**Student:** 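Could you have a look at this structure, given as structure tokens, before my questions?
Residue numbers start from 1 in every chain, and the chains themselves are labelled A, B, ... in the order their sequence lines are given, proteins ahead of strands. Since this is a predicted model, take the numbers as computed values, not measurements.
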Amino acid sequence: MIKDTIKQAFLDLLPDPEPIIEEPVVEAAANDTAEDGKKKKAVKKEEPPRVNGVLECDHAAHGYDIDVQLEPGELLAAVMILDKNDFFLESITGVDWIKEKQLESVYDFSRYDFDQCRVVIRTRTPRDNPNIPTISKIYPGANWHERETHDFFGIKFEGHPHLIPLLLPEDADFHPLLKDFKP
Amino acid sequence: MDLTIFNAVIAVVIAIAFAAANAAYLVLAERRGAGRIQRRPGPNVNLFGLLQPPADGIKLMTKQLMIPGGADKALFMVAPVLAMAPAIMSFVTIPFSNTIVAHSMNVGVLMIFAFASFGGMAILLAGWGSRNKYGVMAAVRAVSQNISYEVPMLITVITIVMMTGTMNLHEIASLQSGGFWNWNIFPVSMSDGFMLQPLMPISFLIFFICSLAETNRAPFDLGEAESELVAGFHTEYGSMGFGLFFMGEYANIVIGASLITILFLGGWGCPFGLYPGVWWFLLKIYLLIFSFIWIRWTFPRTTIYGLLNLSWKILIPISLFNLLLTAGLLKVF
Amino acid sequence: MSGPIHIRSDETFTLNVGPQHPATHGVLRVKMEMDGEYIVKAETVLGYIHRMHELMGENRTYPQVLPNLSRLDYLGAMGYTHAHVLAIERAASIEVPERAEYIRVLMVELNRISSHLFWFGAFVMDLGGFTPLMYAIEDREHILDLMEAVTGSRLTYCYFRFGGLYNDVDDDFINATRAVIPRLRKSLKKYDALVTGNIIFRKRLEGIGPISAEMCRKYGATGPVARGAGLDFDVRKNEPYSVYSEFDFDIPVYHECDSLARYNVRMDEMEQSLRIIEQALDKLPEGPIMPKKKPKLIKPPKGDYYQAVETARGSFGIRIVSDGTKNAYRFKLRSPTYSNMSLFDEACEGMMIMDALAMMGSLDLVIPEIDR
């Protein structure tokens with residue numbers, strides 16, 4: 001199963017696997033129980049910023065299998081693992097966690113074969129200076145997705161070859177999906 | 001038939017009237033034909049749409065003539081005229097029947113081809129003069145297309161000229177009178193003594209394809225390929241400039257159909273030798289024009305390299321071989 | 001990123017294909033650096049019809065966003081609303097009655113055929129043949145009439161509801177649909193005879209516009225583009241949603257990677273969709289079309305939800321980040337043509353403009369869906 005391979009690869013990649021395994025087990029157990037909604041909320045509310053690590057998710061409940069959160073510095077290595085295992089890039093997007101003063105960049109990967117495994121990689125960067133390395137060297141298709149994310153959130157993708165507005169006007173200096181955006 | 005000034009003026013006036021009327025009503029025929037092929041009515045109000053061409057004409061003539069900024073005004077203005085005028089001039093030498101011909105010339109074939117090559121010139125000037133990149137690309141395409149297709153066309157015509165021994169269109173048509181077995185399209189030709197030329201149907205096909213290409217008709221309408229080059233060389237033309245290009249195209253179609261009729265299909269001769277006359281000629285050219293329309297609405301467009309390959313790699317070798325074969329056969333019989 | 005360039009001269013010029021160009025079918029602009037007829041470099045410029053649906057998704061409640069989804073892709077709108085209702089049903093754990101699921105599949109597949117029919121006509125028109133468009137539109141009209149009778153709209157459907165449907169189908173619809181199926185089968189045969197076998201058509205597509213499986217993977221291309229590159233990928237099979245796992249249908253896959261392969265995939269897909277429709281009509285269970293208990297106010301629990309569906313153009317995904325309120329915290333739309341189009345810049349390098357535009361046609365672009 002590709003799912004296990006990938007999970008193991010990520011666990012090897014991340015430097016401190018010890019606390020991570022603990023967290024996801026609790027989370028996954030919470031997911032599996034029937035009254036998922038309230039309990040999960042309770043779990044999440046205790047500790048708002050998620051700790052970096054690998055999380056195995058219930059596909060039926062979330063729509064993806066593996067959820068990885070890591071530091072921007074570890075992103076390229078993680079994407080390289082997926083590239084080696086024939087994953088394709090579905091999309092890149094951002095989420096503005098304004099309360100935590102962080103911007104999250106979310107990468108969706110999937111596979112073409114029947115060994116279905118959707119992987120989500122998240123990485124967070126401080127809101128006042130959002131910098132994330134580009135993965136467009138590994139996946140050229142990330143070029144547009146990163147430009148779009150830069151349009152909407154202002155996340156700077158370091159090393160991106162052509163980081164100019166794609167969907168917004170070429171002189172746009174605003175980032176409409178930031179929660180403090182006033183039109 | 002002496003060529004006096006009066007004769008010439010009358011001939012040109014009749015030619016213009018014939019060309020313009022044909023152009024106007026062929027547009028209608030094309031649209032009706034397209035409608036029929038596409039299972040829709042086409043223009044059909046007011047006497048089966050017969051008032052559509054005058055309405056179109058009035059619309060085109062009352063529109064403002066726009067000249068794009070930075071365009072070469074002289075070339076821009078002269079190009080539509082160049083598209084229309086040679087087409088009309090060519091009518092002068094086309095014999096519609098044994099008696100109806102404006103001026104029967106010894107080098108009629110040559111004259112028509114001389115005028116036909118103006119067509120490429122007009123497109124080149126239009127594309128270049130309108131200062132539009134699509135126009136320039138279309139012009140380059142159209143010129144390379146015209147050059148490539150004139151070669152096999154002329155070689156085929158030379159074959160006919162060798163067989164008939166004349167370049168006079170009137171004589172070429174007369175030699176085929178008597179019945180369809182005399183026509184140049186069929187392998188057995190008895191017009192000038194017995195002669196067997198097995199490749200004549202292929203010559204006819206080559207000539208047909210070339211006239212499609214020379215008149216820039218689909219599937220060879222690369223000069224105005226609307227899905228690639230917007231409208232090609234007449235992208236920037238509106239009002240009557242566009243109208244002239246349009247009329248020139250249809251006049252060229254009539255000329256192409258007339259040439260095919262005269263060279264291959266016996267001109268005004270009846271297929272069975274009965275009642276030869278202008279009606280047979282008109283019937284034949286309109287049947288050919290209908291097949292032009294039919295082809296246009298059936299086939300997708302070729303590519304420019306496919307087009308040039310077809311000419312240089314297939315049509316020219318075959319027509320050259322045909323020429324050699326005809327020369328050999330002429331020696332034999 | 002440099003393709004094979006056949007002739008290289010120092011003089012190039014910039015050609016703006018679009019934003020208003022007959023081949024782009026909308027307001028797409030491709031800035032092409034041309035060397036004569038050859039494309040040296042292409043850069044796609046987007047955003048001419050950008051409407052910021054994602055921000056609207058955050059500002060409105062979940063049911064209010066639903067009509068927005070059908071404005072993404074005006075040809076295959078049903079699939080997009082399907083993704084949204086599935087995502088919300090996944091997030092808020094809403095049960096869907098079986099009859100509703102079957103009718104949904106039925107509608108989505110009808111819509112897929114109508115979308116493919118229109119693409120077929122437009123694609124052949126891109127290649128210069130105008131007539132097939134008229135035939136295709138005529139057939140599409142029958143499907144639109146069917147769907148109009150049930151959904152109330154012809155293009156921008158808002159037929160699905162969270163947990164079910166807006167309107168039940170009646171016997172008239174079922175009989176009419178059964179009558180349309182043989183008609184479409186006949187038409188598909190006719191198109192095959194009229195267009196697929198045409199020598200000019202084949203010469204323009206065979207071996208032209210290669211998009212390899214590796215390139216699809218690097219750019220995230222899905223749908224017929226990926227299947228034309230030999231990738232056996234269809235969300236309906238790989239990651240079955242709704243009741244697709246209960247139908248017997250095949251995923252057409254072609255390995256030639258050229259424009260013709262992508263054309264063939266879509267033409268075969270219409271036949272497969274007809275099969276699904278037939279089965280859905282046969283199996284259509286009786287019962288309600290809305291669940292008995294459904295929350296009055298849709299408030300998915302806090303979390304992150306993703307739902308992918310196979311639309312006519314490829315894998316469409318919705319990511320909903322919920323903070324437990326009635327509005328989404330983040331509403332991400334992953335549109336298939338966006339990824340499919342992103343490979344155009346690289347794929348068309350060194351091609352002639354007419355081949356590149358034929359390839360663009362084979363990508364099946366719907367611009368509002370790229371720009372969102």
Side-chain angles (χ1 to χ4, degrees), chain B residues 30-31 33-42 127-128 131-145 209 212-213 216-232 235 293-310 313-314, chain C residues 6 12-18 20-25 32-39 121-139 141 187 190 193-196 198-208 263 351-358 360-361:
Chain B
E30 171 119 47
R31 288 170 67 179
R36 191 48 63 90
I37 288 168
Q38 294 165 355
R39 300 204 297 224
R40 59 188 175 87
W128 181 256
R131 193 170 189 250
N132 181 310
K133 286 168 188 166
Y134 292 112
V136 175
M137 285 175 75
V140 172
R141 278 186 186 186
V143 169
S144 55
Q145 174 183 345
I209 293 171
L212 276 180
N216 289 322
R217 288 288 292 185
F220 305 115
D221 56 344
L222 291 159
E224 48 194 285
E226 80 275 351
S227 58
E228 295 138 24
L229 303 179
V230 188
T235 306
I293 293 174
W294 192 4
I295 288 171
R296 169 162 180 190
W297 296 105
T298 308
F299 285 105
R301 187 178 303 114
T302 56
T303 51
I304 181 74
Y305 51 84
L307 180 92
L308 298 182
N309 278 349
L310 177 69
K313 291 188 181 162
I314 300 175
Chain C
H6 306 284
T12 57
F13 64 95
T14 310
L15 187 72
N16 269 303
V17 178
Q20 302 290 340
H21 188 279
T24 56
H25 301 293
M32 289 179 175
E33 204 182 324
M34 305 286 298
D35 182 4
E37 293 253 343
Y38 288 94
I39 299 166
F123 180 52
V124 183
M125 199 170 75
D126 276 352
L127 302 175
F130 186 70
T131 304
L133 177 68
M134 290 292 170
Y135 288 15
I137 283 186
E138 196 188 343
D139 284 330
E141 202 67 13
S187 298
K190 185 173 70 192
L194 183 69
V195 176
T196 315
N198 186 309
I199 177 149
I200 297 177
F201 182 78
R202 294 190 81 90
K203 283 228 158 160
R204 285 206 61 176
L205 300 182
E206 256 170 341
I208 302 293
Y263 167 86
M351 279 169 91
M352 289 183 100
I353 182 167
M354 52 191 355
D355 291 340
L357 292 178
M360 190 195 269

**Student:** Give, as side chain, backbone, both or neither, the part of C/Val195 having an atom under 4.5 angstrom from any heavy atom of chain B.
**Tutor:** neither
**Student:** Output the distance between atom CG (B/Leu307) and atom CE (C/Met354), rounded to the nearest 0.5 Å.
**Tutor:** 8.5 Å
**Student:** On a heavy-atom basis, which atom in B/Thr298 and which in C/Asn198 lie closest, and how many Å separate them?
**Tutor:** O-ND2, 4.4 Å
**Student:** Using side chain to side chain contact (heavy atoms under 4.5 Å, CB included) as the criterion, list what pairs up with B/Ala139, not counting sequence neighbours.
**Tutor:** B/Leu124
**Student:** Kindly compute the distance separating NZ (C/Lys203) from OG1 (B/Thr302), expressed to the nearest 0.5 Å.
**Tutor:** 10.5 Å
**Student:** Nearest heavy-atom pair of C/Asn16 and B/Tyr134: which atoms, and what distance?
**Tutor:** O-OH, 2.7 Å
**Student:** With chain B, which of C/Leu194, C/Ile199, C/Leu127 has the greatest number of heavy-atom pairs at distances under 4.5 Å?
**Tutor:** C/Leu127
**Student:** Look at atom CZ of B/Arg131 and say whether more than 12 heavy atoms of other residues, nucleotides or ligands are closer to it than 6.0 Å.
**Tutor:** no
**Student:** B/Arg301 and C/Arg204: which non-hydrogen atoms are nearest, and at how many Å?
**Tutor:** O-CD, 2.9 Å
**Student:** So for C/Phe201, is it side chain, backbone, both, or neither that comes closer than 4.5 Å to the heavy atoms of chain B?
**Tutor:** both
**Student:** In Å, rounded to the nearest 0.5 Å, how long is the span from CD1 of C/Ile200 to OG1 of B/Thr303?
**Tutor:** 9.5 Å
**Student:** Could you walk me through whether C/Glu138 and B/Arg40 pass the salt bridge (Lys or Arg N to Asp or Glu O under 4.0 Å) test, one step at a time?
**Tutor:** CA-CA 10 Å; C/Glu138 196 188 343; B/Arg40 59 188 175 87; over 6 Å; no
**Student:** Is a donor from one side chain sitting under 3.5 angstrom from an acceptor on the other, for B/Tyr305 and C/Asp355?
**Tutor:** yes
**Student:** Look at atom NZ of B/Lys133 and say whether more than 12 heavy atoms of other residues, nucleotides or ligands are closer to it than 6.0 Å.
**Tutor:** yes
**Student:** Among C/Gly361, C/Ala358, C/Gly128, which residue forms the greatest number of heavy-atom pairs with chain B at distances under 4.5 Å?
**Tutor:** C/Gly128
**Student:** Between C/Glu37 and B/Val140, does a side-chain contact (heavy atoms from CB on, under 4.5 Å) hold up when you go through it step by step?
**Tutor:** CA-CA 10 Å; C/Glu37 293 253 343; B/Val140 172; over 6 Å; no
**Student:** Taking distance alone, no hydrogens or angles, what donor-acceptor pairs closer than 3.5 Å link side-chain atoms of residues 129-136 of chain C to residues at least two apart or in another chain?
**Tutor:**
residue: C/Thr131; atom: OG1; partner: B/Gln38; partner atom: NE2; Å: 3.3
residue: C/Thr131; atom: OG1; partner: B/Trp297; partner atom: O; Å: 2.4
residue: C/Tyr135; atom: OH; partner: B/Ile37; partner atom: O; Å: 2.7

